[in-house]
Amino acid sequence: MSNQSAEQSGSRNRIAGLDVARGLALFGIAGNHLMGANTTASWLITRIMADFHAVAFAFLIGSGVQLEYDAAKRRGQSSWPSVLIRAAFLVIVGAIVGWWATRVAVILVTLGLLTVVARVVVGLATWALASLTGLIFLVGPLLTSGNVAFRWSGTLYNPDLTDAFRPEAYLSFFVAEPYPFVTWTFYALVGMLYVRLVLKKPRLYWLTTCLAIGGAAIALAIDAATRPRETAFIDGLLTWEAYSGSYVNVVSSALVVIAGVTLCCILAEGAPGHMRSLVTVLTAVGQLTLTWYVVHILISDRIMAYLEHLPPHLVYLDIGIWVAQMIGFTLLSALYKGHFRYGPLEAIPRQIVKRFSRLREARMRGAPRAFRLSRHRKTRHRKTR
């Protein structure tokens, strides 16, 4: 959810397709939270978006770290300060929002820590990064399925400040659904590989999209062909169910996100004239995703219990509230971006990074002067002797 900027250490130009994907992921996660009524329409909407939205954020965390690292390397700078500050900010905001939320699975803590992990491994060669990604893919679903089958730990939907002092919360954070950190590291690493292998090669966009959709369809077919499973452990490894963390779910989610992000890049780069306005608006929403995500949780968390038990005459109210939020976020984003460059929450870590950079530059400018003064004193001392 965090965005990089030209003012950060190791600046880079924004890629509109990634911002469009962020905006759509925000709409998806809002719909997933708000669709509570048992209607065909709400069920269909959530199934269409299932697992794209949250996985897309993890994927884009990896993509953003890779792009920022590449830009910093070109400038001879380090992206560590901006990454650590942004990650810490996401974790703190996530813990605070997690304390408020009671019915929403808050993912900001996970995304913040994924930012750090992505920066740790971003310097690896592509073959090494791909090998690490494969290793995590093999291990993550095993741990998650084992947790489901043997109940090592409970679900941790919304990590908050108190969880830092609960030892059992750490095990839940790493292996329990809906966001088992070990498994979700896979999505961030896939996002990094996507930047290296696909994003900078537009000629591969359509081929990538077709292969990803075909692979996701095969994963779904594997799930259908292996029903019913004999044990809960095998079921946990092969189910397509969203957020299950199984092999089939992890593969299909990653492929769906790859296809979705690539289509967003195609749209952003080649949209016809009458579609440019839509791309511009979605790009604005994507650049404010952190702010709107927090606003969405603060507004929606307390009304979700009501939406889950709507009376017959209000059975489509959940869809109405979701559409109203999407329209509100879109219009306000377009209005806000007309006057400000960054969103309210997006601007905070940027300002911290900017001040940190200025202090560091001041120290570097001051160091040669101090060195010269020291040498001057030594010269005078030798002459007096």
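Atom CG of Asp19 and atom OG1 of Thr280 lie 11.0 Å apart (nearest 0.5 Å). Going from atom OH of Tyr179 over to atom CD1 of Ile107 covers 5.5 Å, rounded to the nearest 0.5 Å. Note that CZ of Phe27 is 13.0 Å distant from CD1 of Ile29, once rounded to the nearest 0.5 Å. Between atom CG of residue Leu211 and atom CG of residue Leu255 there is a gap of 9.5 Å, rounded to the nearest 0.5 Å. Taken to the nearest 0.5 Å, the CD atom of Glu308 stands 11.0 Å off from the CD1 atom of Ile303. The line from CD1 of Ile85 to CD1 of Ile348 is 13.0 Å long, rounded to the nearest 0.5 Å.
Scored by the side-chain hydrogen bond (donor to acceptor under 3.5 Å, both in side chains) test, Ser300 finds His296, Gln325 as partners (sequence neighbours excluded).
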- Item | Pair Tyr293-Leu345, side chain to side chain contact (heavy atoms under 4.5 Å, CB included): steps then yes or no | CA-CA 10 Å; Tyr293 178 77; Leu345 290 182; over 6 Å; no

- Query: How far apart are the C-alpha atoms of Leu332 and Leu288, what are their side-chain angles, what is the distance that settles it, and do they pass the side chain to side chain contact (heavy atoms under 4.5 Å, CB included) test?
  - Reply: CA-CA 10 Å; Leu332 290 174; Leu288 295 170; over 6 Å; no

- Task: Step by step, work out the side chain to side chain contact (heavy atoms under 4.5 Å, CB included) result for Val353 and Arg350.
- Result: CA-CA 5 Å; Val353 170; Arg350 286 183 172 84; 5.7 Å; no

- Between Ser79 and Gln66, is a side chain to side chain contact (heavy atoms under 4.5 Å, CB included) present by the stated rule, with each step listed? CA-CA 10 Å; Ser79 62; Gln66 181 68 60; over 6 Å; no

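The ring of Trp184 has its center no closer than 6.0 angstrom to the ring center of Phe181. Taking the six-membered ring where the residue is Trp, the centroids of Tyr247 and Phe137 are separated by under 6.0 Å.
What you find for Pro141 and Val250 is that their closest heavy atoms are CG-CG2, 4.3 Å. Of all the heavy atoms in Tyr316 and Ala41, the pair that sits closest is CE2-CB, 4.1 Å. Taking both residues in full, the closest heavy atoms of Thr262 and Tyr205 are given as CG2-O, 3.2 Å, listed atom of the first, atom of the second, then distance. For the pair His33 and Met304, the tightest heavy-atom approach, listed with the atom from each and the gap, is O-CE, 3.1 Å. Heavy-atom minimum distance, Ala21 versus Val261: CB-CG2, 4.0 Å. In plain terms, the two heavy atoms of Ala87 and Gly112 that are nearest each other are CB-O, 3.2 Å.
The shortest side-chain heavy-atom distance between Val122 and Arg119 falls under the 4.5 Å cut-off. A heavy-atom distance below 4.5 Å is found between the side chains of Leu310 and Leu307. Contact check for Thr115 versus Glu68: no side-chain heavy atoms found under the 4.5 Å cut-off. The closest side-chain heavy-atom distance from Val251 to Ile218 is not below 4.5 Å. Using a 4.5 Å cut-off on side-chain heavy atoms (C-beta onward), Val323 and Ile327 make contact. Leu114 is listed as a side-chain neighbour of Leu111, based on a closest heavy-atom distance under 4.5 Å. Using a 4.5 Å heavy-atom cutoff, the side chains of Leu67 and Leu18 are in contact. The shortest distance between side-chain heavy atoms of Arg14 and Thr283 does not fall below 4.5 Å.
Checking Thr289 against Arg22 by side-chain atom types alone, no donor-acceptor pair falls below 3.5 Å. One side chain, Thr144 or Thr183, offers a donor N or O that lies under 3.5 Å from an acceptor on the other. Side-chain contact, Tyr194 with Thr208: no donor N or O sits under 3.5 Å from an acceptor N or O. Judged by distance alone, the side chains of Glu346 and Thr291 do bring a donor and an acceptor atom under 3.5 Å apart.
At least one donor-acceptor pair under 3.5 Å links the side chain of Asn158 to the backbone N or O of Ala101. In this structure, the side chain of Tyr336 engages the main chain of Tyr342 through a donor-acceptor pair within 3.5 Å. In this structure a side-chain-to-backbone donor-acceptor pair under 3.5 Å is missing from Trp292 to Gly286. Although no hydrogens or angles enter the test, the distance criterion places a donor-acceptor pair under 3.5 Å between the side chain of Asp160 and the main chain of Asp163. Not a single donor-acceptor pair under 3.5 Å links the side chain of Ser63 to the backbone N or O of Val195.
A single hydrophobic cluster is seen to contain both Leu267 and Leu24, as judged by linkage of ILVMFWY side chains at heavy-atom distances under 4.5 Å, directly or through other members. Under the 4.5 Å side-chain heavy-atom criterion for ILVMFWY residues, a single connected hydrophobic cluster contains both Ile352 and Val294. Note on Leu335 and Val295: separate hydrophobic clusters, where clusters join Ile, Leu, Val, Met, Phe, Trp and Tyr whose side-chain heavy atoms are under 4.5 Å apart, directly or indirectly. Note on Val109 and Ile92: separate hydrophobic clusters, where clusters join Ile, Leu, Val, Met, Phe, Trp and Tyr whose side-chain heavy atoms are under 4.5 Å apart, directly or indirectly. Under the 4.5 Å side-chain heavy-atom criterion for Ile, Leu, Val, Met, Phe, Trp and Tyr, Leu207 and Leu197 are members of distinct hydrophobic clusters.
Look at Asp70 and Lys73 and you find no salt bridge, because none of the NZ, NE, NH1 or NH2 atoms lies under 4.0 Å from a carboxylate O.
Counted within 6.0 Å of OH on Tyr157, heavy atoms from surrounding residues, nucleotides or ligands total 12 or fewer; the atom is thus considered open. Within a 6.0 Å radius of CZ in Arg276, other residues, nucleotides and ligands contribute more than 12 heavy atoms. Residue Trp206 qualifies as open at atom CH2: its count of foreign heavy atoms under 6.0 Å is 12 or below.
Under the side-chain contact (heavy atoms from CB on, under 4.5 Å) rule, Ile258 has a single partner from Leu263, Val190, Ile213, Thr209, which is Val190.
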